Amino acid sequence: MLALSILGFLAERPMHAYELRQHVSDLIGHNRPVSDGALYPALNRLRQAGHLDRQAEPGSGAPTRQVLRITDSGRAELLRRLADPKPAEITDGGAFFTLLAFLSRLPDPDRQAAVLRRRLDFLTQPAGFFTHAGAPTRIKDTTDPYRKGMLIMARAAQRAERTWLEQRLRELAGTTQGPGPGE
C-alpha cells in the first residue's frame with residue numbers, strides 16, 4: 001500500500017519527501033500512520049529497484065533539497081500493480097481505496113473494469129464480522145446493540161460501494177464499445 005501510494009503520487013509530479021509524506025498520510029494515514037521510519041526505507045527500496053530517482057534541487061534562499069521522481073521502470077511498476085493487484089488490495093477496504101486513488105492512471109478501461117469486477121465479486125460473497133455455525137451472523141439475529149450497529153453500518157457502506165462499482169462498470173463498458181450501428 002505504501003509503495004503503491006509513493007509511485008502513484010510521484011507519477012503525478014516530482015516531490016520532496018516531506019511533501020510526499022503529507023500526501024501519503026492524507027490518503028492512508030488515517031488507517032496506519034506514515035512515519036519517517038516507514039517512508040524512508042520504502043523510498044530506498046524503490047530507488048534500489050530503479051523505480052525512483054533523487055535529484056538535488058537548489059532552494060530559493062534555502063539549502064539544496066532532494067526531489068524524488070518516478071522513473072520509466074517505476075511507471076511500469078505502478079501500471080503492473082494497478083492492473084494486477086494482490087488479493088489483499090481487493091479485499092481490504094483501505095488498500096482498495098489506495099488502489100482506487102490511482103486506478104485512472106491505468107490507461108486501458110478494460111483493465112480498470114477487471115479490477116473493479118474483482119472488488120464487486122468480493123463484495124457479493126457472504127461475509128460478516130461474526131459467524132454462527134459457520135455462517136455470517138445476520139443483523140436480525142444479533143442482540144448486542146454495538147455489534148448490530150457494526151453490521152448495519154457495514155451493510156450500508158457495502159451497498160453504496162456496490163452501487164458505485166456497478167455504475168462505473170457500466171460507464172467503462174460504454175467507453176470500450178465504440179460507436180454503434182449508424183453512428
Side-chain angles (χ1 to χ4, degrees), residues 1-60 62-123 161-162 164-179:
M1 198 163 62
L2 181 57
L4 178 63
S5 299
I6 291 168
L7 292 171
F9 282 120
L10 290 178
E12 294 174 1
R13 65 184 169 79
M15 292 184 208
H16 303 285
Y18 177 79
E19 181 183 17
L20 178 62
R21 185 171 65 126
Q22 290 301 116
H23 285 289
V24 171
S25 291
D26 289 346
L27 179 62
I28 66 173
H30 60 280
N31 287 336
R32 298 173 184 101
V34 180
S35 67
D36 287 344
L39 179 66
Y40 286 99
L43 291 173
N44 286 333
R45 284 190 299 275
L46 290 168
R47 281 186 56 227
Q48 289 171 355
H51 300 323
L52 304 179
D53 66 16
R54 185 176 65 191
Q55 296 175 342
E57 188 175 88
S60 57
T64 301
R65 299 181 74 185
Q66 299 295 317
V67 176
L68 299 164
R69 287 182 172 73
I70 193 168
T71 63
D72 289 341
S73 169
R75 286 183 200 287
E77 177 65 8
L78 174 63
L79 294 178
R80 184 197 66 74
R81 286 173 178 250
L82 292 171
D84 188 25
K86 297 173 184 171
E89 292 170 329
I90 296 295
T91 60
D92 177 88
F96 182 71
F97 273 26
T98 300
L99 178 70
L100 205 55
F102 304 108
L103 195 57
S104 63
R105 294 222 163 259
L106 194 59
D108 182 358
D110 288 334
R111 295 188 86 181
Q112 291 176 11
V115 171
L116 298 181
R117 276 192 296 278
R118 284 181 60 194
R119 177 67 176 182
L120 186 57
D121 289 346
F122 165 72
L123 292 175
E161 186 176 350
R162 286 173 62 178
W164 179 83
L165 286 166
E166 290 164 352
Q167 175 188 343
R168 185 66 189 135
L169 285 166
R170 285 190 299 275
E171 293 167 356
L172 287 169
T175 64
T176 59
Q177 291 176 350

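The structure displayed is predicted, hence computed values, not measured ones. Atoms considered below: every heavy atom in the structure, side chains included; atoms not considered: hydrogens, waters and symmetry mates.
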Check against side chain to side chain contact (heavy atoms under 4.5 Å, CB included), D53 and L68: CA-CA 6 Å; D53 66 16; L68 299 164; over 6 Å; no
Working note: R80 + E77, criterion salt bridge (Lys or Arg N to Asp or Glu O under 4.0 Å); need CA distance, chi angles, decisive distance, verdict. CA-CA 5 Å; R80 184 197 66 74; E77 177 65 8; 2.7 Å; yes
Counting only N and O atoms by type, is there a donor-acceptor contact under 3.5 Å from the side chain of [X] to the main-chain atoms of [Y]?
X    : Y    : answer
Q112 : L106 : yes
Q48  : R45  : no
T98  : M1   : no

With rounding to the nearest 0.5 angstrom, report the [atom1] to [atom2] distance, [X] to [Y].
X    : Y    : atom1 : atom2 : result
R162 : F122 : CZ    : CZ    : 11.5 Å
L82  : L4   : CG    : CG    : 5.5 Å
R54  : R47  : CZ    : CZ    : 4.0 Å
L99  : D92  : CG    : CG    : 11.0 Å
R117 : D121 : CZ    : CG    : 8.5 Å
R168 : R170 : CZ    : CZ    : 11.5 Å

Side chain to side chain contact (heavy atoms under 4.5 Å, CB included) for L43 and I6? Distances and angles first, verdict last. CA-CA 8 Å; L43 291 173; I6 291 168; 3.7 Å; yes
Restricting to side-chain hydrogen bond (donor to acceptor under 3.5 Å, both in side chains), what partner residues turn up for S73, sequence neighbours left out?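 Partners of S73 by the side-chain hydrogen bond (donor to acceptor under 3.5 Å, both in side chains) criterion, ordered by chain and then number, come out as H51.
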Applying side-chain hydrogen bond (donor to acceptor under 3.5 Å, both in side chains), name anything that partners E12, two or more places apart in sequence or on another chain.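 side-chain hydrogen bond (donor to acceptor under 3.5 Å, both in side chains) list for E12, sorted by chain: empty.
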Minimum side-chain heavy-atom gap [X]-[Y] below 4.5 Å:
X    : Y   : result
R69  : L52 : no
V67  : M15 : no
L2   : V34 : yes
L116 : F96 : yes
P107 : L79 : yes

How far apart are the closest heavy atoms of [X] and [Y], and which atoms are they?
X    : Y    : value
A88  : A95  : O-CB, 3.8 Å
L169 : A113 : CD2-O, 3.5 Å
V115 : P85  : CG2-CD, 4.0 Å
R81  : A3   : NH1-CB, 3.7 Å
L172 : P109 : CD2-CB, 3.9 Å

Verdict with supporting geometry, R13 and E19, side chain to side chain contact (heavy atoms under 4.5 Å, CB included): CA-CA 11 Å; R13 65 184 169 79; E19 181 183 17; 2.6 Å; yes
Hey, could you give me each pair passing ring-ring contact (aromatic ring centres under 6.0 Å, His included) that has a residue in residues 8-29? Not counting sequence neighbours.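 Those involving residues 8-29 are F9-H23, F9-F102.
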List the atom pairs, with distances to 0.1 Å, where a side-chain N or O of residues 35-42 and a protein N or O form a donor-acceptor pair under 3.5 Å, not counting sequence neighbours.
| from | atom 1 | to | atom 2 | distance (Å) |
| --- | --- | --- | --- | --- |
| S35 | OG | G37 | N | 3.3 |
| S35 | OG | A38 | N | 3.2 |
| D36 | OD1 | R21 | NE | 3.3 |

Under the side chain to side chain contact (heavy atoms under 4.5 Å, CB included) test, which residues partner D84, sequence neighbours left out?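 D84 satisfies side chain to side chain contact (heavy atoms under 4.5 Å, CB included) with R118 once adjacent residues are dropped.
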Who pairs with R75 by side chain to side chain contact (heavy atoms under 4.5 Å, CB included), at least two apart in sequence or on another chain?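 So R75 forms a side chain to side chain contact (heavy atoms under 4.5 Å, CB included) with A11, I70.
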Residue pair L123, E161: steps toward the side chain to side chain contact (heavy atoms under 4.5 Å, CB included) verdict: CA-CA 9 Å; L123 292 175; E161 186 176 350; 3.5 Å; yes
